[in-house]
Amino acid sequence: MGWAALLAVAAVLAPAAAWAPSAEEELQFKAWMLQNNRRYGPGEYPRRLRIFLGNKRQIDEHNAGNHSFQMSLNQFSDLTFAEFKKLYLWREPQNCSATKGNFLRSSGPYPDSIDWRKKGNYVTPVKNQGPCGSCWTFSTTGCLESAIAIATGKLLSLAEQQLVDCAQAFNNHGCSGGLPSQAFEYILYNKGLMGEDAYPYRAENGTCKFQPEKAVAFVKDVINITQYDENGMVEAVGKHNPVSFAFEVTGDFMHYRKGVYSNPRCEHTPDKVNHAVLAVGYGEENGTPYWIVKNSWGPLWGMDG
Ligand SMILES: *[C@@H]1O[C@H](CO)[C@@H](O)[C@H](O)[C@H]1NC(C)=O
Ligand SMILES: *[C@@H]1O[C@H](CO)[C@@H](O)[C@H](O)[C@H]1NC(C)=O
Ligand SMILES: *[C@@H]1O[C@H](CO)[C@@H](O)[C@H](O)[C@H]1NC(C)=O
Ligand SMILES: *[C@@H]1O[C@H](CO)[C@@H](O)[C@H](O)[C@H]1NC(C)=O
């Protein structure tokens with residue numbers, strides 16, 4: 001009993017004693033708090049300050065090195081990666097199910113680069129999923145919004161919340177995760193998705209309020225690209241429309257600011273992916289091919305979202 005108590009006290013005291021922020025560091029943190037609308041209780045403040053400074057050190061060290069992308073402070077800078085994961089990524093393991101494709105490669109050429117944002121009014125503004133693991137719904141609506149706009153010339157904003165609330169029968173879990181492939185199957189069999197206005201996003205689990213007469217978007221056919229067939233994905237984006245895909249977010253991605261992101265340590269098996277996004281184009285910089293990706297963490301994150 002005595003030993004346990006002593007050890008606990010030592011464990012609490014040691015890091016605090018070794019850590020003293022400078023006045024300048026505190027000023028930086030307070031400016032960041034103001035900019036990001038954060039307030040903490042007295043117990044929370046020192047912990048958040050410590051995490052913030054740890055993140056800042058990681059960002060500064062990265063930016064001093066020779067990398068293809070830069071990091072910066074952003075709205076996530078007071079979170080550890082473990083906290084970030086819990087709030088924004090899939091909480092339940094998702095086994096990517098669309099691993100066998102029915103995408104038929106054609107022989108025709110496809111462009112060296114494409115950016116659907118610049119080809120016309122085909123991509124809705126970047127949205128913000130908030131603290132809910134619903135990236136899969138934004139990846140899905142983004143893809144369907146663009147496919148409809150390219151086919152009809154009409155750019156609609158579609159309802160992520162309907163997918164959060166109603167798509168469970170297709171192995172989706174609302175704010176705890178899901179997969180775009182399974183969301184498309186839901187829209188196909190449900191016969192429609194409502195618009196953002198009629199079914200607004202709330203960033204939390206809710207009960208299904210789908211009204212068939214208000215459906216504005218429909219799925220005729222879903223095409224899966226085989227896992228690892230990145231050339232198939234290039235062809236699909238280059239010749240057809242933006243494509244939903246998933247990957248593994250690791251600790252550095254939460255601080256991404258600009259440039260060509262790359263991380264050789266990312267896992268790449270279907271059971272390790274934890275975030276779904278939308279490929280809206282691709283190109284090449286100094287011989288390095290890259291994807292242009294629409295994320296759902298708001299327009300202030302990364303390069304305009
Ligand atoms: C930075 O990295 C690039 C690509 O790896 C390399 O070609 C270049 O020589 C490096 N520059 C410096 C200053 O190390
Ligand atoms: C994912 O699916 C593969 C292949 O069907 C299976 O071997 C693996 O155990 C699954 N993993 C999880 C976490 O469900
Ligand atoms: C695409 O993948 C989904 C999810 O696994 C599956 O339900 C659907 O049948 C697949 N579609 C085709 C046409 O293969
Ligand atoms: C949201 O609902 C799904 C089932 O519909 C459930 O699996 C999941 O745990 C819920 N998540 C949260 C954060 O409440």
Side-chain angles (χ1 to χ4, degrees), residues 61-71 82-105 129-140 143-144 147 159-191 193 199 201-210 218-229 232-233 236 240-241 243-246 252 258-265 269-271 273-276 284-290 296:
E61 275 168 17
H62 175 91
N63 289 344
N66 182 19
H67 298 283
S68 61
F69 70 101
Q70 285 191 2
M71 295 182 174
E83 290 170 328
F84 177 78
K85 257 186 171 153
K86 249 193 223 157
L87 287 170
Y88 296 94
L89 303 178
W90 291 336
R91 274 167 257 194
E92 302 193 359
Q94 299 292 323
N95 216 347
C96 229
S97 57
T99 52
K100 290 193 215 50
N102 59 326
F103 179 61
L104 289 180
R105 303 280 293 277
Q129 67 186 77
C132 163
S134 55
C135 58
W136 59 281
T137 68
F138 289 86
S139 171
T140 304
C143 184
L144 191 53
E160 293 79 22
Q161 193 66 41
Q162 182 186 332
L163 300 174
V164 170
D165 295 348
C166 310
Q168 292 91 334
F170 292 79
N171 199 24
N172 297 303
H173 312 278
C175 283
S176 296
L179 290 171
S181 52
Q182 293 160 182
F184 282 116
E185 295 300 309
Y186 160 78
I187 302 168
L188 178 64
Y189 289 102
N190 181 63
K191 300 195 170 56
L193 188 64
Y199 202 144
Y201 185 65
R202 293 170 45 245
E204 59 187 17
N205 272 357
T207 52
C208 185
K209 297 170 208 65
F210 175 64
F218 305 88
V219 168
K220 261 203 300 207
D221 195 7
V222 187
I223 294 173
N224 299 326
I225 297 168
T226 306
Q227 64 173 329
Y228 308 132
D229 183 10
M233 189 163 137
H240 300 283
N241 53 256
V243 166
S244 290
F245 74 100
D252 55 351
K258 63 179 179 181
V260 179
Y261 176 81
S262 138
N263 185 339
R265 287 184 307 280
T269 50
D271 56 325
V273 298
N274 59 8
H275 189 51
E284 198 173 298
E285 189 179 81
N286 306 323
T288 306
Y290 62 80
S296 50

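Values below: all heavy atoms of this structure, side chains included; hydrogens, waters and symmetry mates excluded. As the structure lists them, so they are numbered: ligands from 1, and atoms in each ligand from 1. Sequential numbering from 1 along the given sequence is applied to the chain's residues. None of the values given here were measured: they were computed from a predicted structure.
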Rounded to the nearest 0.5 Å, the CG atom of Leu193 sits from the CZ atom of Phe210 at a distance of 8.0 Å

From Tyr186 atom OH to Asn172 atom CG, the distance as rounded to the nearest 0.5 Å
10.0 Å

In terms of atom number and element, which parts of ligand 3 are under 4.0 angstrom from non-hydrogen atoms of Val222?
13 (C)

Donor-acceptor check, side chain of Glu204 to backbone of Cys175, threshold 3.5 angstrom: yes or no?
no

Should you measure from each heavy atom of Ser176, which atoms of ligand 4 turn up under 4.0 Å away?
8 (C), 9 (O), 10 (C), 11 (N), 12 (C), 13 (C)

Check each atom of ligand 3 against the heavy atoms of Ser181 and keep those under 4.0 Å away; list them by number with element.
4 (C)

Quiz question: by atom type and distance under 3.5 Å, do the side chains of Glu160 and Thr137 form a donor-acceptor pair?
no

Which residue and non-hydrogen atom of the protein lie closest to atom 8 (C) of ligand 3, and at what distance in Å?
Glu185 OE2, 3.4 Å

Atom 14 (O) of ligand 3 [closest protein heavy-atom partner, distance rounded to 0.1 Å]:
Asn224 ND2, 3.4 Å

For a quick test of reading the model, state the closest non-hydrogen atom pair linking His62 to Phe69 and the distance between them.
NE2-O, 2.8 Å

Check against side chain to side chain contact (heavy atoms under 4.5 Å, CB included), Leu179 and Phe184
CA-CA 9 Å; Leu179 290 171; Phe184 282 116; over 6 Å; no

To which protein heavy atom is atom 12 (C) of ligand 1 closest, and what is the distance rounded to 0.1 Å?
Asn66 ND2, 3.2 Å

Nearest neighbour in protein (non-hydrogen) for atom 4 (C) of ligand 3:
Ser97 OG, 3.2 Å

Quick test: of every protein heavy atom, which one is nearest to atom 13 (C) of ligand 3, and how far off is it to 0.1 Å?
Asn102 ND2, 3.0 Å

